[in-house]
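By convention in this document, chain letters (A, B, ...) are assigned in the order of the sequence lines, proteins followed by strands, and residues within each chain are numbered from 1. FYI, side chains are in, hydrogens and waters are out, and symmetry mates aren't considered; it's all heavy atoms of this structure.
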Amino acid sequence: MLVLAGAGTGKTRVITVRIAHLVRSGVRPEHILAVTFTNKAAREMRDRVRELLDADAAGRITIGTFHAVCARVLRRHIDYLGLSTRFGIAAQGYQVGLIQALAGELGLRDMGRTPKDWLREISARKNALLQPDDLRTADASPEELRLADLYESYEKRLHGMDLLDFDDLLVLVLRLWQEHPRLLNAYRQQYRFLLVDEYQDTNAVQFKLLAALAGDRANICAVGDDDQSIYGWRGADVGNILRFEESFPGARVIRLEQNYRSTTTILQAANQVIAANPRRHVKSLWSARGEGEKVLVVQAETETAEAAFVAESILDRAGGAGGRVWTDFAVLFRSNHQSRLLEHAFRQQRIPYRMVGGQSFYQRREVLDAVSYVFAAVNPADDLSTLRILNVPPRGLGDRAVERLKYWQGVTGFPLQRVLALAEYQAELAPSAATALREFLAVLDRARRAFAGQGDFARHIEALLSEAGYLSGLVRIYRSRADALDRRENIYEFIGAAANHRERRGPSADIRGFLEEFALMDDNDRIEGRKQGDAVILSTVHAAKGLEFPVVYITGLEQGLFPHRQALEEHRLDEERRLFYVALTRARDALVLTWARRRRVHRDLVRRRPSLFLDSLPANLVEHCTPKEAIRPAPPEVADEYVARMREMFAPSRDP
DNA sequence: GCGTCGTGAGTTTTT
DNA sequence: CTCACGACGC
Ligand SMILES: [Mg+2]
């Protein structure tokens, strides 16, 4: 069954209700697999199932992202493919480091491509199920051949260190099932009922995984909306949802047309925007929620004024008669960096805020350093982590020491940590550096043994970072004291996440389980205290998928920003428009769209033009204004009351 | 040969 | 703003 329906029609609810229905009609919860797009969505789904059924049943259902579910499969069975079940997961920052090293070795530096570019290319090939050899066709360009080489050594090195990247999690499960039909059969027996949310954003591998698991029985329930496909850049294929009936013959397609979320104004605006896209399933969405406010388009003079306006406007609306709390407001943007200015404006106005999703925490240098210390201790074969932390803080092991290290590795073929321990190598170092090196190795060794035991690994992490001189070295690594303290705080967030993991999982939890979870999580889960509390939500449009808010601000609606410059240049506007559609349809009651006439880009102040998406809104539903006009002046009596209250606050106390 | 400081360049979206 | 890289002083 496919539920193909527009935004706000209750698609996700269909899945939870169906799960409850299945269990009530006698299906064992263990036989149900529900796949969501994010970990947060998985958690929410489990919560809702718990409400509909009970905690026991909810706990026995498998609910998770493709990546989380696949990681579990590989933990049990990846040895069938000749890889270790003790694998670690390499997050993006880690992959970038590896590509950088390999690009250097293969002479691929300075080719006008960043490591991230290479990585994106490799990831695209992997998700299309292409092996390096598949790229080496007779008519392959030199460029493609270079990519094949890089791809091949990347995988070899990664897997040689018992590490998998995100794509591997999916690709290797598929390979596992293809090469071992008996295993596949066992998983088919296990997962007899498949439910998939956000189906429009599945990619080729994910589709094949589902098809393999469904088999002939095809007991699959997918929900999605082709208009909300926004991950094409990551290999997602809208074709999966458009071809559902061919892929799963006999499947029913159900359409839902009532939107329970938005006012008719918001819905009509969104409908008109998305109507400009070709090749889509046209849907006639309607809402019984009434007309509501007009869509407000606010033109600010500068990007700072734009951010200030958003903060003031929220303050204004929150104080109004609507009885709004902070979480009723969401501010959405195209790119992560746009959050900076908004955060600053919110801090100035003392408005509490919270970023949704994001990967920036894991990509922070100090967090990656801390993770690398733990990786290097847990897995002595992890050369990349070892190299990363070898001279952090400075131990006198600079370029020359690393060059000699590589030489000896070439001679012996040992992993780096073993080379570092060689007397022949150490003899080439300055005495002070050799001493520091031996201490470094001893600390890693102690940590390794500590992690192998059953103890509290959060404390072991702290001990490791402390004994290695990393925590105390922060003040030397980073110029300013404030910077060092900030970074220290982030490292303690990492340690706190470890403690938190152990609290939840109990004493049987181990460091590998924690590292896996930490790699798969988003920042909100990584950072304690980011989770709860009444606060305005800041989010990229991508990360806001599946969420809804009473009042939504969409900022930076300018040519080049939203739609993004590259999408404009490469004529990839359809997905940008879907993204705008997703943004619009997050709103229940009110929409405020903003842009700035001038904006600082890099170092220059640049004149901006309004987004072409603004032109596609129905004129009769939109009101244009400046920040000043958008914020209602307080009525006189409110102003009087305010003045009176201030007077009272500052009046001399009448108490003796 | 190591470490620090200054300069300049680059910034979509995420599991 | 943050990172990578190169120049320069130790
Ligand atoms: Mg949904």
| task | Verify the contact: side-chain N or O of A:Asn39 to OP1 or OP2 of B:dT15, cut-off strictly under 4.0 Å; return yes or no. | result | no
| said: I need the CD1-P distance between A:Ile89 and B:dT14, as an integer number of Å. | reply: 19 Å
| note | When rounded to whole Å, the CZ to P distance for the pair A:Arg487 and C:dT2 reads 7 Å
| task | For A:Arg400, report the nucleic acid contact type (base, sugar-phosphate, nothing); a contact means any heavy atom under 4.0 Å. | result | sugar-phosphate
| Distance only, no hydrogens: is a donor on one side chain within 3.5 Å (strictly under) of an acceptor on the other, for A:Arg347 and A:Tyr353? | yes
| message | For a quick check of understanding: with a heavy-atom distance under 4.0 Å over all strands, which category does A:Arg565 fall into, base, sugar-phosphate or nothing? | response | nothing
| remark: Side-chain atoms of A:Arg340 come closest, of B:dT14, C:dT2, B:dT15, to C:dT2
| query | A:Ala401 near the nucleic acid: base, sugar-phosphate alone, or nothing, with a heavy-atom cut-off under 4.0 Å? | reply | sugar-phosphate
| request: Can you establish whether the number of heavy atoms outside A:Arg76 located under 6.0 Å from its atom CZ is more than 12? | output: no
| Nearest-nucleotide pick for A:Thr38, side chain only, options being B:dT13, B:dT15, B:dC2 | B:dT15
| message | Is the positively charged end of A:Arg364 above the ring of A:Phe361, judged by distance under 6.0 angstrom from the centroid and angle within 45° of the axis? | response | no
| Between P of B:dA9 and CZ of A:Arg600, the distance in whole Å | 17 Å
| task | Report yes if at least one side-chain N or O of A:Arg365 is closer than 4.0 Å to OP1 or OP2 of C:dA4; otherwise report no. | result | yes
| request: Return the value, rounded to whole Å, for the distance between atom CD1 of A:Ile554 and atom P of B:dT13. | output: 17 Å
| said: Is the phosphate of B:dT15 approached by A:Asn203 (side-chain N or O, under 4.0 Å from OP1 or OP2)? | reply: no
| task | Calculate, to the nearest 0.5 Å, the distance between atoms NZ and OH belonging to A:Lys545 and A:Tyr231 respectively. | result | 5.5 Å
| query | Is a side-chain donor-acceptor pair under 3.5 Å present for A:Asp167 with A:Asn127? | reply | yes
| query | How close or far is atom C1' of C:dT2 from atom CD1 of A:Ile477, stated in whole angstroms? | reply | 16 Å
| said: Output the rounded distance in Å from CD1 (A:Ile99) to P (C:dC3). | reply: 20 Å
| request: Would you mind reading off the distance between A:Leu342 atom CG and C:dC1 atom P, rounded to a whole angstrom? | output: 16 Å
| request: Would you kindly give the CD1-to-P distance between A:Ile230 and B:dT14, to the nearest whole Å? | output: 9 Å
| remark: Winner on side-chain proximity to A:Ser335, out of B:dT15, B:dG3, B:dT13, is B:dT13
| query | Do we count A:Tyr231 as stacking onto B:dT13 if the rule is ring centres under 5.5 Å and planes under 30°? | reply | no
| A:Asp399 near the nucleic acid: base, sugar-phosphate alone, or nothing, with a heavy-atom cut-off under 4.0 Å? | sugar-phosphate
| If you look at every strand shown and take non-hydrogen atoms under 4.0 Å, does A:Phe66 touch a base, only sugar-phosphate, or nothing? | nothing
| remark: On DNA chain B, more 5' by nearest nucleotide between A:Glu576 and A:Pro394 is A:Pro394
| task | Report which part of the nucleic acid A:Phe37 touches: base, sugar-phosphate, or nothing (heavy-atom distance under 4.0 Å, all strands). | result | sugar-phosphate
| query | So what does A:Asn391 touch, heavy atoms closer than 4.0 Å: a base, only the sugar-phosphate, or nothing? | reply | sugar-phosphate
| task | Kindly compute the distance separating CG (A:Leu368) from CD (A:Gln363), expressed to the nearest 0.5 Å. | result | 8.5 Å
| Reckon A:Arg395 touches a base, only the sugar-phosphate, or nothing at all at heavy-atom distances under 4.0 Å? | sugar-phosphate
| request: Using heavy atoms to find the nearest nucleotide of DNA chain B for A:His67 and A:Leu397 separately, return the residue whose nucleotide is more 5′. | output: A:Leu397
